[in-house]
Amino acid sequence: MPQAGLKTIILLSFVLALSFLLIILSCALWSNWLPLLVAIIFALAPLPNFIFSLCSPSDSFTEDYSSGPVDFGHFLTSCFLVSGVALPAVLARSGVIAEMAGWMSGIGGAVGYATIITYSHFFSIQLDGF
């Protein structure tokens with residue numbers, strides 16, 4: 001497990017600020033605030049994994065065991081991710097938002113989600129057994 005330090009926190013906060021900047025600029029430059037929905041979708045994306053991971057049994061003896069609620073949480077997360085990428089593309093294709101706003105919003109949301117996943121990877125609490 002890689003060690004996370006102050007440099008990791010600073011880098012992740014810079015990248016997260018950059019993703020917010022892309023999303024806000026995609027809204028403000030074209031005076032259309034619909035791309036902001038992407039930020040909400042990507043912010044909600046990790047929640048099903050977190051909520052449904054609490055339903056997994058901690059006493060399973062094999063790594064191959066899979067729980068139904070955990071799989072459903074993965075499914076909901078993937079639905080959020082696909083919606084977060086597809087929504088700006090659909091809005092841009094239909095002419096509701098500018099095409100460049102759709103690109104900026106989609107890239108900003110994906111970078112923000114990747115930052116959240118990276119943060120949870122570096123700062124997850126691992127309990128070692130005996």
Side-chain angles (χ1 to χ4, degrees):
M1 184 74 175
Q3 290 286 61
L6 185 61
K7 290 181 183 179
T8 306
I9 294 173
I10 291 171
L11 178 68
L12 288 175
S13 64
F14 175 73
V15 172
L16 189 63
L18 182 68
S19 73
F20 286 148
L21 177 71
L22 279 172
I23 292 173
I24 296 298
L25 280 178
S26 72
C27 297
L29 290 178
W30 287 275
S31 300
N32 190 348
W33 293 95
L34 281 175
L36 197 58
L37 293 173
V38 174
I40 295 168
I41 289 173
F42 276 111
L44 294 176
L47 289 180
N49 276 342
F50 173 71
I51 292 170
F52 288 106
S53 69
L54 300 175
C55 297
S56 69
S58 61
D59 60 345
S60 65
F61 292 109
T62 64
E63 294 292 326
D64 297 334
Y65 179 74
S66 181
S67 173
V70 173
D71 289 341
F72 185 65
H74 294 311
F75 174 74
L76 285 179
T77 298
S78 64
C79 288
F80 276 125
L81 292 178
V82 169
S83 298
V85 172
L87 181 66
V90 169
L91 290 175
R93 183 73 178 148
S94 66
V96 175
I97 62 174
E99 185 176 339
M100 192 57 145
W103 279 103
M104 289 172 67
S105 179
I107 291 171
V111 168
Y113 181 74
T115 304
I116 292 169
I117 293 301
T118 305
Y119 178 83
S120 66
H121 171 72
F122 278 115
F123 296 100
S124 64
I125 297 173
Q126 296 291 330
L127 297 176
D128 292 333
F130 292 99

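Contact between Leu36 and Ile23 at its shortest, heavy atoms only, is CD1-CG2, 4.0 Å. The minimum heavy-atom distance linking Pro88 with Ser83 is given by the pair CD-O, 4.4 Å. Nearest heavy atom pair, residue Val38 against residue Gly84, reads CG1-O, 3.6 Å.
Leu11 contributes atom CG, which lies 9.0 Å from atom CZ of Phe122 (distance to the nearest 0.5 angstrom). Put simply, OG on Ser78 and CG on Asn49 are 9.0 Å apart, with the number rounded to the nearest 0.5 Å. Within the model, atoms CG of Leu44 and OG1 of Thr77 stand 10.5 Å from one another, a figure rounded to the nearest 0.5 Å.
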Identify each donor-acceptor pair in which a side-chain atom of residues 105-119 lies under 3.5 Å from a protein atom, sequence neighbours left out, and give them as a table.
| unit_1 | atom_1 | unit_2 | atom_2 | d |
| --- | --- | --- | --- | --- |
| Ser105 | OG | Pro35 | O | 3.2 |
| Thr115 | OG1 | Val111 | O | 2.7 |
| Thr118 | OG1 | Ala114 | O | 2.7 |

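Placement of Val15 and Ile9 in two distinct hydrophobic clusters is found when ILVMFWY residues are connected by side-chain heavy-atom separations under 4.5 Å, directly or transitively. Side-chain heavy atoms closer than 4.5 Å link hydrophobic residues (I, L, V, M, F, W, Y) into clusters, and following such links, even through other members, never connects Leu87 to Val82. Taken together through direct or relayed side-chain contacts under 4.5 Å among Ile, Leu, Val, Met, Phe, Trp and Tyr, Trp30 and Val90 form parts of separate hydrophobic clusters. A chain of hydrophobic side-chain contacts below 4.5 Å, direct or via other Ile, Leu, Val, Met, Phe, Trp or Tyr residues, connects Leu34 to Phe80.
Contact check for Phe52 versus Leu76: side-chain heavy atoms found under the 4.5 Å cut-off.
Under a cut-off of 6.0 angstrom, the local environment of CH2 in Trp103 is sparse, with at most 12 non-hydrogen atoms contributed by other residues, nucleotides or ligands.
None of Leu21, Ile97, Leu22, Ile24 except one satisfies the side chain to side chain contact (heavy atoms under 4.5 Å, CB included) rule with Met104; the exception is Leu22.
Looking at Asn32, its side chain never comes within 3.5 Å of a backbone N or O of Ala98 through a donor-acceptor pair.
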